[in-house]
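It should be emphasised that the depicted structure is a prediction, and the values quoted were computed from it without experimental measurement.
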Amino acid sequence: MEKTYNPHAIEQRWYQTWEERGYFAPSRAGDANYCIMIPPPNVTGSLHMGHGFNNTIMDTLIRYHRMKGDRTLWQPGTDHAGIATQMVVERQLEAEHRKRHDLGREKFIERIWEWKQESGGNITRQLRRLGSSLDWQHERFTMDEGLSEAVKEVFVRLYEEGLIYRGKRLVNWDPKLHTAVSDLEVLSEEENGFMWHIRYPLSNGQGHLVVATTRPETLLGDCAVAVNPADERYRHMIGELLELPLTGRRIPIIADEEHVDPEFGTGCVKITPAHDFNDYAVWQRHRDEISISEQAHGGLINILTIDAAIRNNEDEEAHLIPEKYIGLDRYEARKRVVADLETQGLLLKVDEHKLMVPRGDRSGAVIEPFLTDQWYVKIAPLAKPAIEAVESGRIRFVPDNWKNTYFEWMRNIQDWCISRQIWWGHRIPAWYDDEGNVYVGRDEAEVRRTHQLSDDYPLRQDEDVLDTWFSSALWPFSTLGWPEQTERLQNFYPTSVLVTGFDIIFFWVARMIMMGLKFMDDVPFHEVYVHGLVRDSHGDKMSKSKGNVLDPIDLIDGIELETLLKKRTSGMMQPQLAKKIEQQTRKEFPDGIPSFGTDSLRFTFAALAATGRDIKFDMGRIEGYRNFCNKLWNASRYVMMNVEGQDCGVGPARTGHSAPASELQRSLADRWILSRLQKAKQAVADAIEGYRFDHAAQAIYEFTWNEYCDWYLELSKPVLNDPNASEAAKRGTRRTLVRVLENLLRLTHPIMPFITEEIWQRVAPLAGVDGETIMNRPFPSRRESLIDEAAEQEMEWVMQFILGIRKIKGEMNIAPAKQVPVLLANASEADQSLALRHRPFLDFLARTESIEVLPPNDHGPESATALVGEMKVLIPLAGLIDKDAEIKRLEKEISRLQGDAERTEKKLGNPSFVDKAPPAVVQKERDKLNENLKALESLRAQLDKIQSL
RNA sequence: AGGCGCGUAGCUCAGUUGGUUAGAGCGCUACCUUGACAUGGUAGAGGUCGUUGGUUCGACUCCAAUCGCGCCUACCA
């Protein structure tokens, strides 16, 4: 084996082997089914830290269950990501100074497919680099044939049940992308703006009302002004008419209790029903009052084009919008409207005002409420069973509190607008004839058949496509073959767990639950593990514009500073930030990023995966875990060196041979490490089952480093190197060395697949273990027969002995290698026999020159002291040790013990503690005090002795 | 406005039904090229657990209030 762990040499090779040999496919046998659906990444996307984290967790679960013998499927696939992907290709066209309309629908879609072919493999290649053991044979894509069938099937069935309908409603309109978007795709942020106070004169010339608005240009579409019926100031005006400024129109004053807050602004609200959701609701409530005034369209006046410019109303009978504003962009129109109001003396004042501005999550454009025809899913009937599924515990959130977020949303859910005015996606399976009739069916032929329309009867398909999340919502069953009743569907639906970030609980999780219950009559998964966001080391969200994005592949492979700089500063939306990003990057990564390998990265993700918490990605951590890999690597190297070609009391694989007990002798250390291993196995399994990957990682780390390496490997040396040690003892130690390592590798494999496979291939034969790959070997389980409390206790004695001497050496500046003579005072029979039995361990790890037992009541010469239980371990001062230093050391130790003893005494002196605390707790305190007092007595005597010199 | 979460060593984080001297890694200090590993070893310094009250024999842990930070949902025109 190489001296230093080198991830690159092993990772690619093993992944290829695993995949080629078909290890990722579900096995035929298995008592239980275990299945996870990958949250499908954007087919043209690239891997980010969130994917890295998410997939590490899933792969750990999958590998763990596969090793446990479950029939395990991790379903791979990608999402067509309608708007996101279309935008990328539109940007490419833009570079050629073309628009999608220049190409036409068909050509444009072809172009997107081309782009998908070109970049589509990227994300899946990167998932492979992470070691993800996905069943690639069955990879799916949301727009592949089967999934498209599923989408149509669902649409048609929902339509037939009346759960999908078409209607003219106010939607969130993205004027840049020219499409409706759902509520979830709108992000509101507080921005600085103004509040304009505008005077609306009464038609009877008897005064005016003042309305306050943040959007004066929408005045052009006002149909009323609303006041609160309880507001004394305006009550007498209700029903009167107002002169709507700039338009020559008259609008009524209406009363609306629900919407108008008399305390806010002037207490008068202009109502613009076609451009504001609340106003639309007001309009619906007061339609009659509003249309009494003979307003065109009943007052529902759309003033904007799809680009959010002021619309031409030439097609209308009345010229509702004055000529001068027509064609102006909404913000230009705002300026003009404000200026004109000012000229006419109708603008009273302008206040600065903070307001929430809604923007499209993809385009960043300010969203307009806009009146259009759209398709909707009637959601309430679907939401009800989905709420119940979580209430009843059929679906469990981890951590539990996310269910509150889920309920909150599900109980206030609005109908889902599923049509999008874009081209990339599943075309809505609806056809129209020239009379405006709508026919819904799986395809045109079916529509003609069921509605008995002749082949030449003109029909055209709806131009719109479905929201991307519509197909994602079907993912847990569409990928398994639905609507066909396939074997995979039977085996793996419902799936076991969904692993995802909280950001898509509404977008995706809730919708999968609704669709799963509706079409499969069962939940899509039993558990939802919700993890946090991966942030940078300062806790900031990673984003291109901040220039703080880390690419998981760069952490795996490493990257030169210059390349990293180029990557972070090229193709930016705001090039002026490049300089700052360059500075930050140079400061944080002066030498670029070293290569850490996949296993280190995965272990880091696991170690940081505390539940319900975002993770700040700290380079120190990944470095530490890279070192851990190196530690494991070198420990294995040591084992190989000592075991290869030697007799380990292990027969060749499958022969079942192992040396008879008489030829095999286990040392204390052997029995101890085997016992500790059993506990580690339990801890790791419990942690993974409970989604505590941080605990799993920690248990592995501590066992490997602090027990196996720090103690056990060291303790194996005196046995293996002692020419006087029996062959049986050596055999026992070799066997333990290699067997524990082999177990440890399997224990670690779910988190770190590559390094464990690489080492296992060499170690397994020596451990007498058969198998082609570690992937399919059983996950280690606790063996009660190997738990040895006596050995653990005895080992504790040995460790205390060694630590005591090391401590004296460390604090006294005695070279660790310096061999010192040791005297034992107050040593019991047991102490003496332990010291004798484990002399080789003590000599080797504490570098003791000699160990001599003093007769009772002999306190020995002036010495430095360590306590092991009641026994005093003495290192004589003579020449070695500074008297004053030892006095100081003792005083420190005494004062610590004394403080402790006082605290305990006080506790025990408190009658209510003794009365009320459980007896076991009281006894524990008593024992502690006893021990303390004995130790104190012993140390004080020692101190007196040295002081009196 | 409502909901959720966080505040523990210089930094990143554990601390599972209240009972430890509050832990780990990184960083820091001193010493050590010992034959698995300097991506290492040994020893050590460092915390009034945001603040204030309360419950309790006992609070990092439970309750209340408060300060600071973050997120989500809905918004006042």
Side-chain angles (χ1 to χ4, degrees), chain A residues 1 3-5 183 188 195 211-215 218 225-226 259-261 263-272 276-279 282 353 355-356 399 401-402 404-405 408-409 412 502-503 505-506 532-533 535 537 539 594 600 607-608 610 612-621 623-642 686 690 692 694-695 698 701-702 705-706 709-710 713-714 717 721 803 806-817 844 847 896-897 899-900 903 907 910-918 920-922 924-925 928:
Chain A
M1 283 172 82
K3 183 171 172 184
T4 304
Y5 158 65
D183 295 345
S188 291
M195 181 80 94
V211 301
T213 180
T214 54
R215 302 203 50 195
T218 62
V225 168
H259 181 49
V260 184
D261 173 8
E263 306 296 316
F264 187 87
T266 60
C268 305
V269 185
K270 63 194 273 306
I271 302 301
T272 320
D276 184 286
F277 289 98
N278 286 312
D279 292 2
V282 173
H353 183 76
L355 70 162
M356 296 296 274
N401 55 293
W402 283 107
N404 298 324
T405 310
E408 181 63 21
W409 190 68
N412 296 299
F502 57 82
D503 47 334
I505 286 186
F506 306 143
L533 224 60
R535 298 168 175 280
S537 58
S600 315
L608 292 173
R613 195 171 179 137
D614 284 353
I615 62 177
K616 290 191 207 177
F617 197 87
D618 181 33
M619 296 300 286
R621 289 296 279 264
E623 206 173 308
Y625 295 128
R626 192 263 328 261
N627 294 352
F628 175 63
C629 289
N630 190 54
K631 190 76 178 175
L632 180 61
W633 182 264
N634 276 292
S636 308
R637 223 158 61 89
Y638 169 80
V639 173
M640 297 295 294
M641 283 166 60
N642 284 285
D686 288 350
R692 290 306 303 260
D694 54 334
H695 288 175
Q698 196 183 355
Y701 187 97
E702 277 174 4
W705 203 312
N706 302 336
C709 291
D710 285 353
L713 293 193
E714 292 308 314
K717 289 173 186 174
N721 297 336
L803 289 171
R806 279 179 183 170
K807 195 166 167 177
I808 292 170
K809 284 185 175 175
E811 288 176 17
M812 294 294 167
N813 272 328
I814 301 170
F844 185 70
R847 306 277 181 237
R896 190 182 64 80
L897 282 171
D900 212 30
R903 259 193 306 279
K907 229 182 206 180
N910 181 349
S912 39
F913 171 69
V914 182
D915 287 352
K916 294 187 183 173
V921 173
V922 177
K924 201 173 149 197
E925 291 296 319
K928 195 166 92 183

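At a threshold of 4.5 Å between non-hydrogen side-chain atoms, the residues Val269(A) and Phe264(A) do not count as touching. Between Tyr701(A) and Lys631(A) there is no side-chain heavy-atom pair separated by less than 4.5 Å. In this structure, the side chains of Phe506(A) and Thr405(A) come closer than 4.5 Å at one or more pairs of heavy atoms. Taking 4.5 Å as the limit, some side-chain heavy atom of Asp279(A) sits within range of a side-chain heavy atom of His259(A).
Going from atom CG of Asn627(A) over to atom P of rA24(B) covers 18 Å, rounded to whole Å. The separation between Arg215(A) atom CZ and rA77(B) atom C1' is 12 Å, rounded to whole Å. With rounding to whole Å, Asp694(A) atom CG is found 13 Å from rG25(B) atom C1'. Regarding Met1(A), its CE atom lies at a distance of 12 Å from the P atom of rC37(B), rounded to whole Å. Rounded to whole Å, atom C1' of rA38(B) lies 9 Å from atom NZ of Lys3(A). When rounded to the nearest whole Å, the span between NZ of Lys916(A) and C1' of rG19(B) equals 16 Å. Spacing between atom CG of Asp279(A) and atom P of rC75(B) amounts to 13 Å, rounded to whole angstrom units. In this structure, the CZ atom of Phe502(A) is 14 Å from the P atom of rC6(B), given to the nearest Å.
Nucleotides rU12(B) and rG7(B) have their C1' atoms positioned 14 Å apart, rounded to a whole Å. Nucleotides rC13(B) and rG18(B) are separated by 23 Å at their C1' atoms, to the nearest Å. To the nearest whole angstrom, the two P atoms, one in rC11(B) and one in rC63(B), are 28 Å apart. Across rG40(B) and rU52(B), the matching P atoms stand 41 Å from one another, rounded to whole Å. Using C1' as the reference atom, rC26(B) and rA14(B) are 15 Å apart when rounded to the nearest Å.
Nucleotide rC31(B): paired with rG41(B) (Watson-Crick or G-U wobble, both distances less than 3.5 Å). rG5(B): Watson-Crick or G-U partner is rC69(B), with both key distances under 3.5 Å. Across every strand in view, rA24(B) sits in a pair with rU12(B) that passes the Watson-Crick or G-U test at under 3.5 angstrom. Remark: rG18(B) base-pairs with no nucleotide in the shown strands. Criterion, Watson-Crick or G-U wobble with two distances under 3.5 Å.
Of the candidates rG40(B), rU21(B), rU34(B), the closest approach to any side-chain atom of Lys631(A) belongs to rG40(B). With distances taken from any side-chain atom of Asn401(A) to the nucleotides rG19(B), rG40(B), rC4(B), the minimum falls on rC4(B). Ranking rG15(B), rA77(B), rC13(B) by closeness to the His695(A) side chain, first place goes to rG15(B). Closest contact between the side chain of Trp705(A) and the listed nucleotides rU12(B), rG40(B), rU21(B) involves rG40(B). Among rC31(B), rA36(B), rA77(B), the nucleotide with an atom closest to any side-chain atom of Pro816(A) is rC31(B).
Of all the heavy atoms in Phe502(A) and Gly532(A), the pair that sits closest is CE2-CA, 4.3 Å.
Checking Arg613(A) against Pro918(A), the closest nucleotide of RNA chain B that is more toward the 5' end is the one next to Arg613(A). Where Tyr701(A) and Lys807(A) each meet RNA chain B at their nearest nucleotide, the meeting point lying more 5' is that of Tyr701(A).
Nucleic acid contact for Gly532(A): none, since no nucleic acid atom lies under 4.0 Å from a heavy atom of the residue.
A close approach under 4.0 Å does occur between a side-chain nitrogen or oxygen of Arg692(A) and OP1 or OP2 of rG15(B).
Residue side chain Arg806(A) does not reach the base of rU42(B) through any donor-acceptor N/O pair under 3.5 Å, judged by distance alone. On a pure distance criterion of 3.5 Å, a polar donor-acceptor pair joins the side chain of Glu714(A) and the base of rA36(B).
Between the Lys809(A) side chain and the Pro816(A) main chain, a donor and an acceptor come within less than 3.5 Å of each other.
Summarising the geometry, atom OG1 belonging to Thr4(A) is positioned 7.5 Å from atom CZ belonging to Arg637(A); distances are rounded to the nearest 0.5 Å.
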